[in-house]
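Values reported hereafter were calculated over all heavy atoms of this structure, with side chains retained and with hydrogens, waters and symmetry mates removed. Numbered from 1 within each chain, the chains take letters A, B, ... in sequence-line order.
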Number of protein chains: 4
Amino acid sequence: MKGVKSKRMPRAVRERQMMDAAVQTFGQRGYRAASMDEIAELAGVSKPLVYLYLNSKEELFTACIRREAAALIAAVEAAVEPGLPADRQLWAGLAAFFTHTAEHPDGWAVLHQQARTHGEPFALEVAAMRDEIVTFVTGLIATAAREAGAARQDPELADRDVAGLAQALVGAAESLAGWMNQTGAVSAKEAAATLMNFAWMGLGELMKGERWSSR
Amino acid sequence: MKGVKSKRMPRAVRERQMMDAAVQTFGQRGYRAASMDEIAELAGVSKPLVYLYLNSKEELFTACIRREAAALIAAVEAAVEPGLPADRQLWAGLAAFFTHTAEHPDGWAVLHQQARTHGEPFALEVAAMRDEIVTFVTGLIATAAREAGAARQDPELADRDVAGLAQALVGAAESLAGWMNQTGAVSAKEAAATLMNFAWMGLGELMKGERWSSR
Amino acid sequence: MKGVKSKRMPRAVRERQMMDAAVQTFGQRGYRAASMDEIAELAGVSKPLVYLYLNSKEELFTACIRREAAALIAAVEAAVEPGLPADRQLWAGLAAFFTHTAEHPDGWAVLHQQARTHGEPFALEVAAMRDEIVTFVTGLIATAAREAGAARQDPELADRDVAGLAQALVGAAESLAGWMNQTGAVSAKEAAATLMNFAWMGLGELMKGERWSSR
Amino acid sequence: MKGVKSKRMPRAVRERQMMDAAVQTFGQRGYRAASMDEIAELAGVSKPLVYLYLNSKEELFTACIRREAAALIAAVEAAVEPGLPADRQLWAGLAAFFTHTAEHPDGWAVLHQQARTHGEPFALEVAAMRDEIVTFVTGLIATAAREAGAARQDPELADRDVAGLAQALVGAAESLAGWMNQTGAVSAKEAAATLMNFAWMGLGELMKGERWSSR
DNA sequence: GATGAATGAGGGTTCATTCAT
DNA sequence: AATGAATGAACCCTCATTCAT
């Protein structure tokens with residue numbers, strides 16, 4: 001009876017509105033520059049309610065990180081069919097990653113730019129998610145090596161190398177995602193293709209025992 | 001006679017102390033979270049002096065970005081001998097890049113994490129430096145293609161592809177540098193080697209006309 | 001129960017308290033010398049609340065100017081009965097003016113001394129009010145001339161002269177008001193009488209065509 | 001040998017430069033808004049020298065008030081020939097007053113606007129000068145009354161009335177001077193003529209015993 | 001006679017957070 | 001379930017003022 005502004009909504013809904021507003025604000029302004037005032041207003045809610053549901057700015061930020069990380073992981077996992085060959089799995093995962101980050105730029109900014117820049121507690125939160133992905137990629141590379149089977153000519157492609165490669169691959173993907181969001185130069189599929197071309201084939205060479213040497 | 005805190009130093013020296021303190025503080029806390037009070041204290045100076053010499057937080061930050069960017073570019077350029085083959089040049093540049101970022105983690109954090117996250121004026125400052133590096137790498141790749149000379153089997157490796165590859169390579173390097181700084185898992189040389197293996201060989205394949213295909 | 005400082009008051013009330021404190025402080029200290037801290041304390045309120053309601057020192061000052069200007073105009077208008085002869089109207093207006101400025105010395109100081117000394121935006125605000133008064137006085141003089149009717153011997157007392165006279169009259173009144181407030185030498189009624197004697201009679205001479213000449 | 005900037009000037013000259021700069025800055029910015037930095041720079045001198053010669057901002061301001069007050073008084077006194085009739089003396093004094101204030105707007109602003117707005121010590125300084133002028137004008141009116149001699153029909157034009165008239169006259173002149181400086185609407189001679197017309201003739205009536213009465 | 005180097009103190013403004021209803 | 005009212009603590013910045021040379 002007070003106007004159009006909705007009132008008395010179930011807690012879950014209100015909470016989602018707040019977190020949506022928070023992700024958007026944190027993603028665009030950064031953690032420090034985002035104000036609780038702005039978030040509350042964007043959520044169409046009074047500030048005390050934000051505190052009632054989410055306790056503090058830190059907890060709110062953490063909740064955002066967790067939600068966005070989970071959503072990203074879920075998107076990637078949903079895209080990967082376990083039965084396929086490793087390269088096809090990697091391709092699918094990369095495409096899903098680029099698609100998701102392109103569709104949720106604020107969420108991705110929270111994870112990639114903000115969370116890592118504002119102290120250990122947040123950085124650890126995001127590092128956990130990143131590890132999950134790296135582990136997944138590591139597994140794919142190992143599987144690829146196994147699939148290469150008899151053809152495997154380099155028994156020295158040690159676990160440690162595989163881990164490093166996965167890190168580099170994920171890092172390159174993250175960097176490309178940021179570039180995409182900021183410049184809009186390429187589509188998600190193109191980004192995935194570029195990365196596969198750029199990396200997978202070098203990977204193949206590596207597995208054949210080739211190495212670049214500075215000497 | 002008051003302690004170690006020496007007084008009355010020439011302006012240039014004080015200015016350097018302040019910028020050292022600023023880079024450290026900005027790098028660790030972030031632009032917004034860093035306080036001028038903290039920077040002044042870390043520099044062993046009163047706050048007004050910081051303003052007298054550096055004018056404002058924004059200008060101080062910009063000065064930091066410029067100094068660190070120039071130092072990074074200088075380190076890479078100093079390491080590259082123009083006479084060498086392209087792959088050797090790239091290797092030297094990468095090694096210098098990883099070494100420099102490892103030795104100046106706060107400076108790198110300022111450039112890579114903070115400057116890009118806090119508004120256009122700062123982001124443009126860094127983008128200029130990045131472009132310089134990307135251009136340099138693009139040149140190296142083009143040279144490599146030329147050196148591959150008669151052996152070149154893919155006349156379709158167009159300029160656009162070369163640029164994309166340079167972007168991806170630089171992005172991967174940036175990402176790896178961040179990973180190094182945060183986890184300390186690998187040394188600068190190892191990082192450079194990983195990247196050369198990961199990318200250069202794939203590059204070779206690409207130049208031979210090979211492509212990964214999702215079909 | 002904590003003392004006299006009552007808490008939790010409706011916004012309108014608090015706002016008035018703040019503006020009262022602001023007028024007093026601005027009037028006594030001047031715009032620059034007045035500190036928001038002092039105003040807040042005098043209002044019995046924390047500084048952030050002042051900003052929450054009044055936004056900034058500039059806006060607060062502007063609000064003070066507007067409120068005091070409106071109050072002064074209202075006091076003068078309330079005292080003037082439109083039906084009376086012009087000289088009686090002028091007398092009533094002057095008396096009300098002197099009474100009001102004597103009763104609200106800080107408000108008058110804000111209008112007359114502070115607002116005109118601190119930059120265009122503020123000065124324009126007061127100039128608008130002053131123009132309103134000058135226009136009113138100009139009307140009275142014109143009416144007086146008309147009332148002088150047949151007796152009017154100087155058809156050359158042009159509009160321009162009337163306007164100049166009004167300016168001088170208002171200026172003299174303003175100056176007298178300041179003198180009253182600062183020295184307390186005369187009462188409001190005395191000031192009004194002095195001015196009527198001083199000016200109105202000379203005005204009569206002027207309308208008869210008399211002029212003082214330096215030759 | 002250091003450049004064009006003059007050096008090693010006799011103290012008196014330097015001091016005058018500083019006070020010129022100070023009057024200009026105080027007049028335009030106001031006492032609080034004027035910074036010692038700005039004054040020193042405008043004077044072409046280092047800040048410590050300003051302190052060496054003039055001790056503090058307050059003393060510098062006081063010195064400005066005194067110098068400008070003395071100059072104004074001197075200008076008025078120089079214009080008045082004691083032998084002339086009172087009205088001619090008053091005319092000459094007013095003309096000199098308006099001319100001087102028009103030629104030294106910053107000095108006049110310091111006296112009229114700034115000095116009265118920033119606390120007792122300064123206000124008293126300027127009140128002293130004002131009293132000097134008021135006393136002078138009071139004397140002129142008294143003389144005029146005496147000159148009116150036999151014609152004098154009002155033995156009740158008491159000293160107190162004369163003083164009040166002088167105050168009003170001076171006040172009106174001050175107000176007109178401010179209006180001139182701010183709008184440039186009239187010349188000094190015009191302002192003097194307006195005031196003589198406006199006031200002197202009413203004065204004549206008064207001396208004839210006429211009074212305006214509210215009844 | 002003159003200055004480069006330096007600071008204590010304070011002012012305007014904002015923000016995360018809470019209380020009373 | 002929800003909010004209007006309110007604040008402690010900081011933060012950026014400036015200024016009058018002083019040493020040491």
> Which listed nucleotide (F/dA5, F/dA2, E/dG1) is nearest to the side chain of A/L49?
Replying inline: F/dA2

>> Among residues at least two apart in sequence or on other chains, which ones pass side-chain contact (heavy atoms from CB on, under 4.5 Å) with C/A109?
In response: C/Q113

> Can the positive tip of C/K57 be found less than 6.0 Å from the middle of the six-membered ring of C/F26, inside 45° of the ring normal?
Replying inline: no

> Which pairs count as side chain to side chain donor-acceptor pair (under 3.5 Å) when at least one residue sits in residues 42-54 of chain B, sequence neighbours excluded?
Replying inline: B/D37-B/K47

> Over how many whole Å does the gap from B/L52 atom CG to F/dC15 atom P extend?
Replying inline: 12 Å

> CD of D/E41 versus P of F/dC15: gap in Å, rounded?
Replying inline: 12 Å

> A/I39 has an atom CD1; how far is it from atom C1' of E/dT14, in whole Å?
Replying inline: 15 Å

> OP1, OP2 of E/dA5 versus side-chain N and O of B/R14: anything below 4.0 Å?
Replying inline: no

>> List the residues meeting side-chain contact (heavy atoms from CB on, under 4.5 Å) with A/L124, not counting sequence neighbours, and say none if there are none.
In response: A/E120

>> As a test of your reading of the structure, name each stem of DNA chain F as range with range, where a stem is three or more consecutive Watson-Crick or G-U pairs at under 3.5 Å.
In response: E:2-21 with F:2-21

> For D/R29 and F/dC15, what is the distance between atoms CZ and P respectively, to the nearest whole Å?
Replying inline: 10 Å

> Sequence neighbours excluded, which residues qualify as salt bridge (charged side-chain N to carboxylate O under 4.0 Å, His left out) partners of C/D106?
Replying inline: none

>> In the structure I gave you, are the side-chain heavy atoms of B/M36 and B/L60 within less than 4.5 Å of one another anywhere?
In response: yes

> Hey, are the side chains of D/I65 and D/M129 touching, using non-hydrogen atoms and a 4.5 Å cut-off?
Replying inline: no

> Using 30° and 60° as the class limits, which term best fits the ring planes of D/F61 and D/F122: parallel, tilted or perpendicular?
Replying inline: perpendicular

> If the sugar-phosphate is the primed atoms plus P, OP1 and OP2 and the base is the rest, what is the B/S/- string for nucleotides 16-21 of chain F, using protein heavy atoms under 4.0 Å?
Replying inline: SBBBS-

>> Expressed as a whole number of angstroms, how long is the span from B/L60:CG to F/dC12:C1'?
In response: 12 Å

> Hey, are the side chains of C/R66 and C/M19 touching, using non-hydrogen atoms and a 4.5 Å cut-off?
Replying inline: no

> Taking CD from D/Q17 and C1' from E/dG1, how many angstroms apart are they, rounded to a whole number?
Replying inline: 14 Å

>> From CZ of C/F61 over to P of E/dG11, roughly how many Å is that when rounded to an integer?
In response: 17 Å

> Roughly how many Å is it from CD in C/E15 to P in F/dG4, rounded to a whole number?
Replying inline: 15 Å

> Base, sugar-phosphate alone, or nothing: which one does C/R11 contact when heavy atoms must sit under 4.0 Å apart?
Replying inline: sugar-phosphate

